[in-house]
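For the single chain, residues carry numbers from 1 onward in sequence order.
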Amino acid sequence: IIESGVLTEDQIIKCCDIYGTAGVDFVKTSTGFAEKGASIHDVQLIRAHLADAIKIKASGGIRSYSFAHELLNAGANRLGCSASVEIVKESLQLPG
């Protein structure tokens, strides 16, 4: 867990370098307890600086289907969200 919401871009990139070398399977954006959780920009930044084999779990502040969908499109492989039921209900209301 890198707590991306309280780190600079350079610090996030350094974390990716360290964790990539360490051979981790996942990098998680945040605990969800910081004032800022997952962001599209941070997920894109992390994805750009990790090997494809390393997965990303976006967590913190994910409360809508549209934001969850954007995070997945940005490169997240998993989502950590306490609003999962609401997000699924919202997705079921979408056309198609």
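The two atoms that bring V43 and A58 nearest to each other are CG2-CB, 4.1 Å, heavy atoms only. Nearest heavy-atom pair across T31 and E3 is OG1-OE1, 2.8 Å. Listed here is the closest heavy atom pair of G80 and I62: O-CD1, 3.8 Å. Residue A34 comes nearest to V6 through the heavy atom pair CB-CG1, 4.2 Å, listed as atom of the first residue, atom of the second, then distance.
For the pair I2/T29, no side-chain contact is recorded, criterion being any heavy-atom separation below 4.5 Å from C-beta on. At a threshold of 4.5 Å between non-hydrogen side-chain atoms, the residues I54 and D25 do not count as touching. The shortest side-chain heavy-atom distance between K28 and R78 does not fall under the 4.5 Å cut-off. Residues I87 and C81 meet the side-chain proximity criterion, which asks for heavy atoms closer than 4.5 Å.
The structure places CZ of F26 at 8.0 Å from NZ of K57, a figure rounded to the nearest 0.5 Å. Taken to the nearest 0.5 Å, the CD atom of Q11 stands 11.5 Å off from the NZ atom of K14. Between the CD1 atom in I12 and the NE2 atom in H49 there is a gap of 10.5 Å [rounded to 0.5 Å].
Here the side chain of S30 pairs no donor or acceptor atom with the backbone of S4 at under 3.5 angstrom. Without hydrogens or angle criteria, R47 side chain to A51 main chain gives a donor-acceptor distance under 3.5 Å. At distances below 3.5 Å, at least one donor-acceptor pair connects side-chain atoms of N77 with backbone N or O atoms of I56.
Taking the side chain to side chain contact (heavy atoms under 4.5 Å, CB included) definition, one finds that K36 meets it with S39, D42, sequence neighbours left out.
By the criterion of side-chain heavy atoms lying less than 4.5 angstrom apart, applied directly or through intervening Ile, Leu, Val, Met, Phe, Trp or Tyr residues, I1 is not grouped with I46; the two fall into different hydrophobic clusters. In the hydrophobic cluster analysis, where Ile, Leu, Val, Met, Phe, Trp and Tyr join through side-chain heavy atoms closer than 4.5 angstrom, L50 is grouped together with I18.
Screening residues 71-96 for ring-ring contact (aromatic ring centres under 6.0 Å, His included), with sequence neighbours left out, gives no hits. A ring-ring contact (aromatic ring centres under 6.0 Å, His included) check over residues 68-96, counting only residues at least two apart or in different chains, returns the pairs Y65-H69.
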Q: Take S59 and L79 through the test side-chain contact (heavy atoms from CB on, under 4.5 Å) and record every step on the way to the result.
A: CA-CA 6 Å; S59 182; L79 303 176; over 6 Å; no
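E90 and S64 form no side-chain donor-acceptor contact under 3.5 Å, judged by distance and modelled atom types alone.
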